[in-house]
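Before any comments, here is the structure.
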Amino acid sequence: MIRFALLWLLILLLSGCVTSPPKHVDNICQIFEEKDGWYNDAKESSQKWGTSISTMMAIMHQESRFRPKAKPPRTKILWIIPGPRASSAYGFPQAQDSTWDWYIDSSGNWGADRDDFSDAIDFVGWYSAISYKLSKIKPSDTYNLYLAYHEGHGGFNRRSFKSKKWLTQVAHKVSSKANTYKRQLNGCRERLDSGGWWFF
């Protein structure tokens, strides 16, 4: 009985570690130190799709704060009754069902899950690569990559964001976050690549 209780406690603890977001979401070095395997996943996606780690992580920071099961808030009926959610966006990348299906069909990443960081960061890299093809946005242009990520390529190409000042402000914030992440990563990349550990 005691062994069973200890095993159940261990399972709960491990599942909490898997599903919990990083403790320091504003420091990319601390994120990668805490979350084993995330740096290699981000690096692989960057090499595969051509978008920087800092840009992909900044987009994901804005979308979910690295919460694996993030969902949009529910709408309110008569201001108090919980209604349907605003969209089907889910997981680390806040990808909607249709866009996620497009990613799976296009990338061949069958069985991918939006609440799996490895799949989510690959999605963000893939979407940025598609943004270059469909909207001619350079991989280094975090500001416009985020606008296309939020509005879709059709909306971006129609410049739908022009009437959304709040959205352009968010895109500037994401771009600033990417620059911060880039500076931080420059200071710890060597240790991350070597697999070394350090303390802050």
Side-chain angles (χ1 to χ4, degrees), residues 3-72 89-96 99-100 103-104 106-129 139-140 142 145-146 149 173-200:
R3 287 182 181 177
F4 178 79
L6 290 173
L7 179 61
W8 183 248
L9 180 61
L10 180 61
I11 291 172
L12 288 176
L13 289 172
L14 288 175
S15 64
C17 292
V18 171
T19 59
S20 62
K23 295 176 182 176
H24 306 286
V25 298
D26 293 318
N27 189 306
I28 198 169
C29 296
Q30 290 180 301
I31 291 172
F32 288 145
E33 180 197 28
E34 178 184 348
K35 296 296 182 180
D36 186 43
W38 280 24
Y39 173 68
N40 289 333
D41 291 335
K43 183 179 178 181
E44 182 178 341
S45 179
S46 178
Q47 292 172 342
K48 181 178 180 181
W49 300 113
T51 304
S52 71
I53 293 174
S54 55
T55 288
M56 293 187 297
M57 292 292 283
I59 289 173
M60 194 177 290
H61 174 276
Q62 176 59 39
E63 291 300 286
S64 68
R65 296 299 192 275
F66 306 106
R67 291 177 292 125
K69 300 185 181 299
K71 295 179 182 180
Y90 175 73
F92 284 112
Q94 286 297 279
Q96 297 193 43
T99 311
W100 190 255
Y103 159 69
I104 290 176
S106 176
S107 68
N109 190 9
W110 308 108
D113 294 314
R114 286 171 282 184
D115 55 11
D116 183 295
F117 179 82
S118 178
D119 295 331
I121 198 73
D122 192 69
F123 169 83
V124 177
W126 167 83
Y127 197 93
S128 297
S140 58
T142 305
L145 285 176
Y146 182 75
Y149 193 93
K173 186 171 71 170
V174 174
S175 181
S176 177
K177 176 63 70 177
N179 288 333
T180 298
Y181 276 169
K182 182 179 179 179
R183 288 194 300 271
Q184 292 169 344
L185 190 57
N186 286 339
C188 64
R189 188 188 296 270
E190 185 176 345
R191 291 185 177 181
L192 288 168
D193 285 329
S194 67
W197 294 92
W198 65 99
F199 296 93
F200 292 89

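Quick caveat: nothing in here was measured; it's all calculated off a predicted structure.
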Would you please test Glu33 and Cys29 for side chain to side chain contact (heavy atoms under 4.5 Å, CB included) and show each step?
CA-CA 6 Å; Glu33 180 197 28; Cys29 296; over 6 Å; no
May I ask you to decide if [Y]'s main-chain N or O and [X]'s side chain share a donor-acceptor pair within less than 3.5 Å?
X	Y	answer
Thr51	Ser46	no
Asp116	Ser118	yes
Ser45	Ile121	yes
Arg189	Asn186	no
Thr142	Ser175	no
Gln94	Gly91	yes

pair [X]-[Y]: side-chain heavy atoms closer than 4.5 Å:
X	Y	answer
Pro22	Trp38	yes
Ser20	Lys35	yes
Tyr127	Met56	no

Could you check Lys173 against Gln62 for side chain to side chain contact (heavy atoms under 4.5 Å, CB included), going step by step and ending with a plain yes or no?
CA-CA 9 Å; Lys173 186 171 71 170; Gln62 176 59 39; 3.2 Å; yes
Work out which heavy atom in [X] is nearest to a heavy atom in [Y]; give both atom names and the distance.
X	Y	answer
Pro21	Glu34	O-OE2, 4.1 Å
Trp49	Gly125	CB-O, 3.3 Å
Ile31	Val25	CD1-O, 3.5 Å

Side chain to side chain contact (heavy atoms under 4.5 Å, CB included) partners for [X], two or more places apart:
X	answer
Arg114	Tyr90, Pro93, Ala95, Asp97, Trp100
Asn40	none
Lys177	Asp26, Ala58, His61, Tyr181
Thr180	Arg183, Gln184

Under the side chain to side chain donor-acceptor pair (under 3.5 Å) test, which residues partner Ser54, sequence neighbours left out?
Ser52
Partners passing side chain to side chain donor-acceptor pair (under 3.5 Å) against Ser106 (at least two apart in sequence or in another chain)
Trp126
Separation between CG of Asp41 and CG of Asp36, rounded to the nearest 0.5 Å:
9.5 Å
What's the spacing between Thr99 OG1 and Tyr149 OH if we round to 0.5 Å?
8.5 Å
For Phe117, which of Phe123, Phe66, Tyr39, Phe92 qualifies under ring pair (Phe, Tyr, Trp, His ring centres under 6.0 Å)?
Phe92
Please determine, by modelled atom types, if Asp119 and Tyr103 share a side-chain donor-acceptor pair under 3.5 angstrom.
no
